[in-house]
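This is a predicted model, so every value here is computed, not measured.
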Amino acid sequence: MKHHLTINLPRLLGRLEALAEVGAIPGGGVCRLALTDEDKAGRDMVSGWMRAFGLKITVDAIGNVIGLRPGRKEGPPVMTGSHIDTVRTGGRYDGNLGVLAGLEAIETIADAGLTTRRPLAVAFFTNEEGARFAPDMMGSFVFQGGLPLEEALATTGIDGTTVAENLRRIGYAGEAPCGRSVHSFVELHVEQGPVLETEGMTIGAVESVQGISWVELTISGTSNHAGTTPLRLRHDAGFAAGAIIHFLRDLAREMGGNQVATVGAVEFGPNLINVIPGHAKLTVDLRNTDEAQLQRAEERLFAFLDQLASSEGVTIEHRRLARFEPVLFAPEMVARVERIAGDLGHAVRRMPSGAGHDAQMLARICPAGMIFVPSVGGLSHNVKEYTAPADIEAGANVLLRMLLELAE
Ligand code: HGY
Ligand code: MN
Ligand code: MN
């Protein structure tokens, strides 16, 4: 069934704008950390749009929300979606674009009075960012059966409260069981990197998601007087934290390839100008498209930690927060994105994803694919994140065609 349907761009841009008002922060960004009141308000708004044009909504036990439009036949739906939770300095497109463009595509199909052979579904998954509760992609990880529900619910976040109590508090501890059969999954997402813009491309046909390794390190040394303690007597947890940060930059540079390393969160105790830190806690985010290289980076880090602990006379404990191997998307889905983008006259290239996405979890239970659109300046997880309306329209129309093809 060949269609020349196109999405209603003003409607999509209007919803992106309205949703960006929820948890808005200075500079045009958004702060809707998972399961906060702002996340609840965003969930209520998007569920309201789903309900308004008749989607059948289910909320599962980890708070994933799925809007379903029946097809001519019963059976596993063709699904799209992403996330609407954000990091603390989030942009208005990361995740939100995939959910609202998915909604827009299905509403365009409904407006045209079409009923696809297969059911269509659009979802937003709980806690994709993992910034408040690790791991990231938590909701889709539970949905696909990789993370036990009870374990996810018991997870304590960076503020000491659990997923379960927050889900209940915001009213999204759903009744529906987590997980269902899905025919195929397609996610539209901003690239969050510089490649498409640099190469003048409009669409990315995403082939893979790189591996992710998250670890929390707790360093215990000895608090002491900053003025009276000679260097040779110091067990300085703060110095050790700094040494780790420096080591990781050198390690990534030396390994080259796609290796990246980030220490995003650091805290010192007692965190006072005239006290040698006796305590430090920091997070390590290592990523690589190549699993063997990622393991190599982890080995190198832990060898360094052992050597640092003995030379500085501190103890260093680690807690695993997330570990995902690289994921390859179904070749036929990648080829489909590439073909449709070309048919619509867009410059398209195949590429890996540096960021984690819900699609990498769905890829474990059905053929999954992703469509990238350019991020201006390659910026993301930054209030200045921006994607031009023409690129949003291009990506959403590729998504619309994907859904129509897959659902027939
Ligand atoms: O961390 C990530 O890659 C994603 O933003 N959750
Ligand atoms: Mn995202
Ligand atoms: Mn993100």
Side-chain angles (χ1 to χ4, degrees), residues 83 86-91 93-95 128-131 134-138 141 158 187 189-199 201 204 206-217 241-266 281-305 308 316 318-329 349-361 363 370 372 374-385:
H83 61 96
T86 75
V87 294
R88 200 170 274 141
T89 55
Y93 303 98
D94 177 359
E128 186 279 345
E129 292 293 0
D136 50 350
M137 288 79 70
M138 180 185 274
F141 198 13
I158 56 175
E187 180 172 2
H189 205 287
V190 289
E191 178 202 337
Q192 303 180 286
V195 173
L196 292 176
E197 182 186 56
T198 311
E199 297 186 4
M201 295 280 159
V206 186
E207 292 182 295
S208 63
V209 177
Q210 67 178 344
I212 301 176
S213 165
W214 282 4
V215 171
E216 178 190 77
L217 300 178
I244 293 165
I245 293 170
H246 197 282
F247 166 80
L248 285 169
R249 172 58 65 88
D250 286 351
L251 175 69
R253 198 179 273 131
E254 184 207 310
M255 288 184 71
N258 288 319
Q259 185 61 49
V260 288
T262 311
V263 174
V266 183
K281 191 183 276 188
L282 60 156
T283 59
V284 177
D285 177 323
L286 295 172
R287 308 208 193 188
N288 200 309
T289 49
D290 178 304
E291 173 60 16
Q293 287 285 81
L294 185 54
Q295 287 179 18
R296 182 91 192 93
E298 290 174 319
E299 285 157 14
R300 296 273 305 270
L301 169 62
F302 283 102
F304 176 74
L305 296 180
L308 177 65
I316 303 176
H318 71 273
R319 182 164 72 99
R320 166 68 67 197
L321 296 178
R323 183 61 166 94
F324 300 120
E325 294 196 4
V327 168
L328 293 177
F329 288 126
R349 63 154 285 172
R350 291 170 174 242
M351 60 194 293
S353 172
H357 297 288
D358 293 311
Q360 75 186 84
M361 296 300 165
M370 289 193 77
F372 272 175
S375 293
V376 171
L379 262 186
S380 184
H381 288 186
N382 180 307
V383 296
K384 295 205 175 350
E385 181 184 85

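For the ring-ring contact (aromatic ring centres under 6.0 Å, His included) test, no residue two or more places apart in sequence or in another chain qualifies with F329. Partners of D290 by salt bridge (Lys or Arg N to Asp or Glu O under 4.0 Å), not counting sequence neighbours: none found.
Remark: L321 CG to T283 OG1 distance equals 8.0 Å, nearest 0.5 Å. Distance check, rounded to the nearest 0.5 Å: CD of E207 to CE of M351 gives 10.0 Å. Within the model, atoms CD of E128 and OG1 of T86 stand 10.5 Å from one another, a figure rounded to the nearest 0.5 Å. The OG1 atom of T262 sits 11.0 Å away from the CD1 atom of I245 when rounded to the nearest 0.5 Å. One finds the CD1 atom of I316 at 10.0 Å from the CZ atom of F302 (value rounded to the nearest 0.5 Å). Taking CD from E216 and NZ from K281, the interatomic distance works out to 4.5 Å, rounded to the nearest 0.5 Å.
At a threshold of 4.5 Å between non-hydrogen side-chain atoms, the residues V195 and F372 do not count as touching. In this structure, the side chains of F304 and L248 stay at 4.5 Å or more apart for every pair of heavy atoms. Using a 4.5 Å heavy-atom threshold, the side chains of E129 and D94 count as touching. For the pair N382/T89, no side-chain contact is recorded, criterion being any heavy-atom separation below 4.5 Å from C-beta on.
Although no hydrogens or angles enter the test, the distance criterion places a donor-acceptor pair under 3.5 Å between the side chain of Q259 and the main chain of R287. The backbone N or O of G354 sits less than 3.5 Å from a side-chain atom of Q210, completing a donor-acceptor pair. Not one N or O on the side chain of E191 forms a donor-acceptor pair closer than 3.5 Å with the backbone of S375. Side chain of Q360 to backbone of V209: no donor-acceptor contact under 3.5 angstrom is found.
Here the closest heavy-atom approach between residue G130 and residue W214 is recorded as O-CZ3, 3.6 Å. Across all non-hydrogen atoms, the minimal contact from K384 to L379 is CB-CD1, 3.9 Å.
Checking each of D285, V284, L286 against S213 for a side chain to side chain contact (heavy atoms under 4.5 Å, CB included) leaves exactly one that passes, namely L286.
A 6.0 Å sphere centred on CZ of R320 holds more than 12 heavy atoms belonging to other residues, nucleotides or ligands.
Using a 4.0 Å cut-off between charged nitrogen and carboxylate oxygen, E291 and R323 count as a salt-bridge pair.
If you check the side chains of S380 and E385, you find a donor sitting under 3.5 Å from an acceptor.
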